[in-house]
Amino acid sequence: MLIDIWRVPEDGEARAGTLPGTILQLEDTPDIIADAPVRYDLRISVCDNELIVTGLVATVIKFLCSRCAESFPLPVADANYAVYH
């Protein structure tokens with residue numbers, strides 16, 4: 001997701017949606033598969049020319065069991081996601 005810092009309204013904005021699991025860049029890790037969409041529900045704001053992004057990011061990642069060689073899904077979520085740039 002691209003965010004143009006100069007287009008963020010003064011009072012911030014909300015963004016929600018999904019992105020493909022490939023954004024996690026796990027292609028080089030054969031035991032971890034991120035083929036489910038990544039959901040996000042974020043609040044974007046700017047303070048003193050700093051970009052602040054907070055909210056929820058969640059997906060389901062498949063892991064390969066080292067014991068039985070079967071893959072199993074594991075929901076992964078961060079309700080307190082925060083990035084400051």
Side-chain angles (χ1 to χ4, degrees):
M1 168 190 338
L2 295 176
I3 301 170
D4 185 349
I5 191 170
W6 307 112
R7 293 183 185 241
V8 176
E10 219 175 273
D11 59 343
E13 69 179 344
R15 286 200 194 173
T18 60
L19 293 168
T22 55
I23 66 163
L24 299 175
Q25 300 177 348
L26 297 174
E27 294 84 9
D28 294 336
T29 313
D31 295 347
I32 304 172
I33 302 166
D35 60 358
V38 176
R39 286 185 309 112
Y40 61 90
D41 189 358
L42 304 171
R43 181 79 190 156
I44 300 166
S45 58
V46 177
C47 181
D48 296 328
N49 289 329
E50 295 283 329
L51 180 65
I52 303 168
V53 181
T54 58
L56 168 73
V57 177
T59 191
V60 176
I61 297 177
K62 292 180 188 172
F63 293 89
L64 185 64
C65 177
S66 61
R67 187 173 192 194
C68 68
E70 295 289 325
S71 66
F72 62 95
L74 182 66
V76 179
D78 187 351
N80 297 310
Y81 178 80
V83 175
Y84 305 93
H85 285 282

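Rounding to the nearest 0.5 Å gives a distance of 12.0 Å between CD of Glu10 and OG of Ser45. Rounded to the nearest 0.5 Å, atoms CZ (Arg15) and CZ (Arg43) are 11.5 Å apart. Note that the CG atom of Asp4 and the CG atom of Leu51 stand 10.0 Å from one another [nearest 0.5 Å].
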Which atom pairs, one a donor and one an acceptor, fall under 3.5 Å between side chains of residues 55-66 and the rest of the protein, sequence neighbours left out?
residue : atom : partner : partner atom : Å
Thr59   : OG1  : Ala36   : O            : 3.4
Thr59   : OG1  : Pro37   : O            : 2.9
Lys62   : NZ   : Asp35   : OD2          : 3.4

What pairs of donor and acceptor atoms, side-chain ones from residues 16-24 against any protein atom, are under 3.5 angstrom apart with sequence neighbours left out?
none

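Clustering ILVMFWY residues whenever any of their side-chain heavy atoms sit less than 4.5 angstrom apart, transitively, puts Ile33 in a cluster other than the one holding Phe72. Tyr81 and Ile3 fall within the same hydrophobic cluster, defined by Ile, Leu, Val, Met, Phe, Trp and Tyr side-chain heavy atoms under 4.5 Å apart, directly or through other members. The hydrophobic cluster containing Val38 also contains Tyr40, counting ILVMFWY residues as joined when their side-chain heavy atoms lie under 4.5 angstrom apart, directly or transitively.
Partners of Arg67 by salt bridge (charged side-chain N to carboxylate O under 4.0 Å, His left out), not counting sequence neighbours: none found.
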